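Report on one structure; see the data block that follows.
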Amino acid sequence: MSLPPGHAEAPHWWEAAPRPVLPEQPVPARSDAVIVGSGITGLNAALVLARAGRQVTVFEAGDPGAGASTRNAGYVGRSLKHDYSALLRRHGRAMAAAVYAEMQAANDAVFEVVEAEGIACHLERCGRVVLAHSPRQMRDLAAELALRQEHLGEAHMLLDRAGVAAETGSDRFAGGALIPDLAALHPGLYHAGLLERALAAGVTVLARTPATGVGGERGALRVASTRGSTLAREVLFATNGYTGEGAPGWLRRRVIPFDAWMFATEVLSPNQVAAILPANRTFIDTNHDILFARRSPDGRRILFGGQTGVRPRPVRERAAALHALAASVLPGMAGLRVDQAWTGRCAGTLDLYPHLAERDGVWFAGGYCFAGVPMGTYLGRKAAWQMLGRAEGATHFATRPFPGQPLPEVARRLVPAVMAYWRACDLRAMRAR
């Protein structure tokens with residue numbers, strides 16, 4: 001593997017995606033609603049609120065689109081850290097089915113928004129292949145998917161070793177499953193389309209204006225920033241992994257940020273791409289510390305990600321480690337150059353569920369645990385509907401207890417140790433017969 005001389009964190013848009021340069025605007029004295037964060041969650045919420053006649057101001061710490069909303073792999077599906085079978089055992093069929101119905105609704109929400117807004121972002125039902133490293137993982141995967149098909153009607157097709165090799169060009173996996181209706185998009189173009197529609201709807205987006213605190217009471221909340229403050233009726237923190245000191249303490253105690261890493265290869269010929277990933281699908285394995293791969297939306301590169309929650313390292317070092325991992329499971333990657341490598345900040349919660357929560361007029365939607373595109377779209381809209389008092393804002397993810405921890409900084413420092421434990425569990429499962 002080689003990296004370009006002087007390699008640093010490279011552009012993460014994969015293709016040319018318009019990044020509008022927003023003029024500096026004054027902080028308005030008053031707003032009906034303030035949204036902190038201009039990612040997928042915040043912009044979906046802003047659109048709903050603005051079109052309902054609300055004056056909406058978005059505080060963005062950096063430039064819109066510079067965070068994980070564009071730095072992700074663009075997967076669109078029904079991902080949840082709790083298997084359907086586990087929910088069934090713990091809570092019964094009604095609750096398990098209701099949760100997974102919302103995961104399907106989140107998947108569908110992306111299609112609804114893209115179609116309604118006319119956003120050209122390469123959204124395609126390309127199908128997803130779930131990869132099993134060992135016979136034990138394959139048995140567990142087959143049992144889970146069979147239950148989902150029986151109870152939820154989710155179609156799938158099991159793949160043996162040869163079937164996975166036909167999909168990936170690799171004989172390193174014991175088997176897998178194809179889920180044909182799952183999708184992918186170009187997250188940079190999706191975000192750019194949302195931003196364009198929000199600006200056209202009259203949303204004020206304040207770039208490079210970090211929110212520094214919220215005070216006051218419900219209906220009269222003072223949102224402070226580095227450039228002034230505004231008085232708002234309600235505030236939505238749509239910050240997910242970027243939730244920082246400007247957020248209330250109760251929220252910081254409930255969100256655990258961590259980094260996820262990806263790289264893109266050099267530009268490849270069609271034959272080179274087809275030799276590594278013969279099928280234009282998204283790929284993910286069954287481990288806790290997941291690895292994932294796909295073709296870039298323009299079909300000219302291979303994108304690969306993994307090593308989530310590891311200790312921070314320089315981009316060159318992390319790219320080299322990630323490339324070695326890629327070559328170990330997709331042998332065709334071994335001789336390719338890493339052209340771009342980057343990280344984005346994700347977030348989890350103590351119970352590994354996404355959450356929509358409110359306290360004294362301050363709202364939060366996040367904790368997506370690797371489902372940011374569909375869940376950000378879904379819960380961003382749900383949050384706005386709840387702020388408007390509309391019945392369509394109802395969601396299971398607003399009714400669950402939202403656990404916190406007394407020492408959030410300690411919990412965040414422990415993320416690498418927790419991930420090391422899960423990697424050890426994964427290694428045992430990968431060796432099991």
Side-chain angles (χ1 to χ4, degrees), residues 9-28 31 33-51 54-74 110 113-114 117-122 185-212 223 225-228 230 232 235-244 246-247 257 260 342-347 363-366 368 372-373 375-377 379-381 383-384:
E9 186 168 329
H12 51 275
W13 294 70
W14 312 338
E15 303 167 277
R19 185 198 288 264
V21 178
L22 302 182
E24 185 169 302
Q25 303 177 72
V27 177
S31 303
V34 163
I35 296 174
V36 182
S38 67
I40 289 173
T41 303
L43 292 178
N44 270 287
L47 267 174
V48 172
L49 291 167
R51 288 175 177 167
R54 299 295 195 267
Q55 180 189 5
V56 182
T57 301
V58 177
F59 286 84
E60 169 55 53
D63 291 310
S69 286
T70 64
R71 293 173 179 243
N72 64 82
V110 178
V113 170
V114 167
E117 304 299 335
I119 299 174
C121 58
H122 301 275
L185 51 64
H186 185 311
L189 292 173
Y190 179 46
H191 179 273
L194 290 172
L195 179 59
E196 181 181 282
R197 303 309 185 271
L199 294 172
V203 175
T204 299
V205 180
L206 303 174
R208 300 172 295 283
T209 309
T212 57
V223 183
S225 80
T226 54
R227 295 201 301 113
T230 187
V235 179
L236 169 64
F237 277 84
T239 45
N240 202 38
Y242 299 90
T243 303
W342 64 92
T343 184
R345 183 64 57 85
C346 306
W363 297 77
F364 170 76
Y368 299 136
V373 173
M375 289 307 297
T377 302
L379 287 187
R381 299 167 85 198

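This one's a predicted model, so the numbers in the text were calculated from it and none came from an experiment. Every heavy atom of this structure was used, including side-chain atoms; hydrogens, water molecules and symmetry mates were not.
- Rounded to the nearest 0.5 angstrom, Glu196 CD and Glu117 CD are separated by 10.0 Å.
- Taking the side chain as every heavy atom from C-beta outward, Glu60 and Leu22 never approach each other to under 4.5 Å.
- Between Ala46 and Val58, the shortest heavy-atom contact is CB-CG2, 4.4 Å.
- Results of the side chain to side chain contact (heavy atoms under 4.5 Å, CB included) test with Val34 over Leu236, Val27, Val235 single out Val235 as the only residue that passes.
- Proximity of Val203 to Leu47: side-chain heavy atoms (C-beta onward) are nowhere separated by under 4.5 Å.
- Note that SG of Cys121 and NE2 of His186 are 9.0 Å apart. Values are rounded to the nearest 0.5 Å.
- One N or O on the side chain of Arg71 and one on the backbone of Ala66 form a donor-acceptor pair closer than 3.5 Å.
- To the nearest 0.5 Å, the span separating CZ on Arg345 from OG1 on Thr243 amounts to 10.5 Å.
- In this structure, the side chain of Thr209 engages the main chain of Ala207 through a donor-acceptor pair within 3.5 Å.
- Checking side-chain atoms of Thr377 against main-chain N and O of Val110 turns up no donor-acceptor pair under 3.5 Å.
- Side chain of Arg54 to main chain of Ala33: no donor-acceptor pair is present (N/O by atom type, distance under 3.5 Å, no hydrogens or angles).
- Minimum interatomic distance between Ala211 and Val223 (heavy atoms only, all atoms of both residues): CB-CG1, 4.4 Å.
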task: Starting from the C-alpha separation in whole Å, work towards a yes-or-no answer on side chain to side chain contact (heavy atoms under 4.5 Å, CB included) for Thr212 and Thr226.
output: CA-CA 7 Å; Thr212 57; Thr226 54; 3.9 Å; yes

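- Closest of all the heavy-atom pairs between His191 and Ser69 is CD2-CB, 4.2 Å.
- Interatomic distance, OH of Tyr368 versus CD1 of Ile40, reported as 9.0 Å (0.5 Å rounding).
- Pro257 and Gly241 make their closest contact through CB-O, 3.3 Å (heavy atoms, listed as atom of the first residue, atom of the second, distance).
- Across Ser38, Pro28, Ser225, Pro64, a single residue satisfies side chain to side chain contact (heavy atoms under 4.5 Å, CB included) together with Leu206, and that is Pro28.
- Put simply, the side chain of Asn44 never gets that close to the backbone of Thr41: no donor and acceptor are under 3.5 Å apart.
- With hydrogens and angles ignored, the 3.5 Å screen pairs a side-chain donor or acceptor of Tyr242 with a backbone N or O of Ala68.
- With contacts defined as side-chain heavy-atom distances shorter than 4.5 Å, the pair Ile119/Leu185 does not qualify.
- Closest approach of Leu189 and Ala120 over heavy atoms only: CB-O, 3.7 Å.
- Pairing each heavy atom of Val373 with each of Gly74, the nearest pair is CG2-CA, 4.4 Å.
- Taken from CZ in Phe59 to OG1 in Thr204, the straight-line distance is 10.0 Å, to the nearest 0.5 Å.
- Distance check, rounded to the nearest 0.5 Å: CG of Asn240 to CE of Met375 gives 10.5 Å.
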